[in-house]
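First up is the structure itself, then whatever we jot down about it.
Order of the sequence lines sets the chain letters (A, B, ...), proteins ahead of strands, with each chain counted from 1.
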Amino acid sequence: MSNTRPSAPAGPGDFPAWQRIMADVAEGRINPSEAVRRLVLVRGGGARSAMPTTPPEGYFGPRPALSAVPAAEAADAAELRRRHLEEARRELATMPGLRSVKETVEELLAWVQVQRWRMRENLSSEPPVLHMVFRGNPGTGKTTVARLIGRMLRDMGVLSKGHLVEVERADLVGEYIGHTAQKTREQIKQALGGILFVDEAYSLARGGERDFGKEAIDVLVRAMENHRDNLAVIFAGYPAEMDRFLRANPGLVSRLPIQIDFPDYATDELLQIADLMCQQRQYRLTEEGRARLREFLETERRAVNFGNARTVRNILEAAIRQQALRLVGRNLPVDRDRLMQIEAQDVSAAVKRLFGEGKAPAAGRESEAGESPAAAGRDAAMQRLAQALGLLAGPWTGENAI
Amino acid sequence: MAVQQGVVIGKTNVGKTLFTINFASYCGVQEMHISFREPDGRRSSRVLQREDAAAELAGPEPHKTRRLQSISLELPVGKGTRHLELVDTSGLTDYVHRDVEVRRAIAQSLAMIRDAALILHMVDAALVGESGPVAGLGEVDYQVAQFAQMRRGYAILANKMDLPAAARGLELVRSEFAGHVILPVSALHWLGFREVKQFVAHAL
Ligand SMILES: Nc1nc2c(ncn2[C@@H]2O[C@H](COP(=O)(O)OP(=O)(O)O)[C@@H](O)[C@H]2O)c(=O)[nH]1
Ligand SMILES: Nc1ncnc2c1ncn2[C@@H]1O[C@H](COP(=O)(O)OP(=O)(O)O)[C@@H](O)[C@H]1O
Ligand SMILES: [Mg+2]
Ligand SMILES: [Mg+2]
């Protein structure tokens, strides 16, 4: 895509934009932090001009003589950014499914880039307003994609930090008058320079007119205006509820120019996700294991509140624990392959543990021992053992835990 | 060869002016030939003894420094010496200042960072330690770090390391600005100046 083009070497051509930024500061139209942010945009990074430019008249006096600056250094900065951006884009591209999401994100990045080029050429440019609505069922990748977008916008120099602050009603709404505004403002402050991700946004509107949720929405709307240049607010949740929420808050809709729909994953996509997750953790589903998982997902994905990729992750997480139990418990010789393989019985046992007896695919029922009352205790003990052996360490803990 | 410029930038009251003066003394400057550049472009210069310079130019009132003031330094680089004009700037705010004079001084400071060979970005480590990164650092600090990222001559100076809260502050600054060069200093007690001097000599 065109926005991968390394930023053009800055020359005298960017001077008017620079001058305008300084004038905006001096005349009080923008604050210094916004000014530096615009400098990043105009310069395409920490690049320094290789050519002396004239400072804006009136503010600085005679321009000091400057030596030419090694161009390599400037190129380095732009290059590093470009690499980071590429990385994030590649990460998104390798996520199975999400076709329309990927398209929308590319559109967004292209638009941001063009606004920047226009600003550099001193053409009228809209400051990007980056507030968004994410509609989708649980586990469809909303939070994951939001994180990636944050990184991309940082690497493009739009957001200064690009981090994600995830909040829900309880983080914003307080218990007495004034408390809500204070809590909401605190979260906004934490999110400045990045993304404020409001999960299940409609829960802010659940209590009717007198509910403090309304106050939270008002504070958010104000912040979306005041910090529009360096904060992206994303409202996320189930599609139908989001629609109802937005209909009831027209003031919000007009400030949310970007809407991204996250459809449920098809079974094949869920399996690709499973493969990817296994691969990232150096595990592998055997063919039978994969078939067992498919069987389960095909029925389960029709259930209300199906957790899409999150369900897949939870199953694999449990299956890995079950595999550990199997390997430790049976005293079989373990080789590299055995350590990597997730078998059908591991999947079945995992499903049984997570969803109960009834949900486990028929073939899975005979797989594992452990129906005795003592089973739970034994499981816990085995889990501790497995943990001690380092079998459960790794990417299953920490950030990835729900 | 033209004189290279180094700029000391940061929020108000982090210690930029005191650092500039004391660091110049550390580098052997006894009398400060300080040249001022007024926001309207006029230049003037004065000679001050170090103590007088500190008393006159640095202080707890925010925005005491309303114009660029610079001091010339000689730094050993390799076998020879290098001339550096160290420029102390007016504090950056996160908000639009009411006073037009201050705003102009800020614009002037920002203009400096574009072309300076050296950017010393100062933060108040004690304040960060006391009140955390959100209150202790400004949005503008993150913006400057982003602007200058990957520049060879860019370092963050974590100042006021003589104060108890600064140790914790330094940790926070390190984690907030991972990947940048961060040098702990005390402008008041001349701590960490050797490292700054090495960095400066290396960057020029
Ligand atoms: N304890 C301590 N105080 C400092 C240090 N550096 C500066 N200060 C104090 O912080 C205040 C602001 O200093 P100044 O140099 O005017 O800051 P500027 O606004 O960044 O130029 C003054 O009261 C200084 O005495 C330091 O390293 N330690
Ligand atoms: N397309 C995908 N490829 C790989 N993993 C995915 C994909 N979509 C979601 N995931 C994973 O599924 C889990 C849930 O996704 P998340 O982004 O939290 O969903 P949501 O926020 O929509 O509920 C996360 O572990 C995420 O990494
Ligand atoms: Mg989520
Ligand atoms: Mg000062």
Side-chain angles (χ1 to χ4, degrees), chain A residues 10 18-19 21-40 43 45-49 52-53 55-70 72-81 154 157 159-162 186 189-190 192-193 227 230, chain B residues 1-5 9 11 36-43 68 70 85 87 90-117 119 133-135 138-154 176 179:
Chain A
W18 168 272
Q19 182 177 38
I21 294 168
M22 292 303 119
D24 283 346
V25 172
E27 279 149 39
R29 281 188 292 272
I30 57 176
N31 64 29
S33 122
E34 171 58 18
V36 183
R37 198 184 70 85
R38 290 194 187 174
L39 295 184
V40 177
R43 313 283 297 167
R48 250 188 294 163
S49 169
T53 52
E57 285 309 315
Y59 295 125
F60 317 114
R63 191 192 153 68
L66 286 173
S67 53
V69 169
E73 233 179 90
D76 271 1
E79 178 57 27
L80 187 80
R81 263 163 189 289
R154 179 201 57 203
L159 297 175
S160 55
K161 297 192 247 178
E186 186 50 39
K189 201 164 159 198
Q190 299 287 348
L192 282 183
H227 304 290
N230 196 24
Chain B
M1 184 175 171
V3 176
Q4 305 221 56
Q5 284 190 317
I9 198 162
K11 288 206 308 178
F36 299 97
R37 249 180 293 155
E38 311 287 343
D40 66 8
R42 278 179 298 122
R43 266 188 193 252
L68 291 188
S70 63
E85 190 186 0
V87 183
S90 180
L92 300 177
T93 55
D94 274 338
Y95 51 89
V96 172
H97 202 279
R98 272 185 290 118
D99 186 340
V100 62
E101 212 189 309
V102 172
R103 292 201 304 263
R104 285 190 175 182
I106 290 173
Q108 198 186 12
S109 317
L110 288 173
M112 283 300 303
I113 70 170
R114 178 163 100 144
D115 298 296
I119 299 176
V134 174
E139 180 53 32
V140 72
D141 287 312
Y142 292 98
Q143 296 289 1
V144 168
Q146 175 154 27
F147 177 80
Q149 78 179 309
M150 285 301 290
R151 276 216 198 167
R152 193 159 57 107
Y154 173 69
E176 289 297 300

Is A:Asn230 in contact with chain B via its backbone, its side chain, both, or neither, using a 4.5 Å heavy-atom distance? side chain
Chain B contacts, top residue of A:Asp24, A:Val36, A:Ile30, A:Leu192 (heavy-atom pairs, under 4.5 Å): A:Val36
What is the distance from atom CD1 of B:Ile113 to atom CG of A:Leu39, rounded to the nearest 0.5 Å? 6.0 Å
For B:Arg104 and A:Ala26 the tightest heavy-atom approach is CG-CB, 4.0 Å
Taking A:Arg37 as the fixed residue, which of B:Gln143, B:Gln146, B:Glu139 is the one that meets the side-chain contact (heavy atoms from CB on, under 4.5 Å) rule? B:Gln143
With a 4.5 Å cut-off on heavy-atom pairs, point out which of B:Val134, B:Leu110, B:Asp141 contacts chain A the most. B:Leu110
With side chain to side chain contact (heavy atoms under 4.5 Å, CB included) as the criterion, how do B:Thr93 and A:Asn31 come out once you've worked through the C-alpha distance, each side chain's angles and the decisive distance to 0.1 Å? CA-CA 7 Å; B:Thr93 55; A:Asn31 64 29; 5.6 Å; no
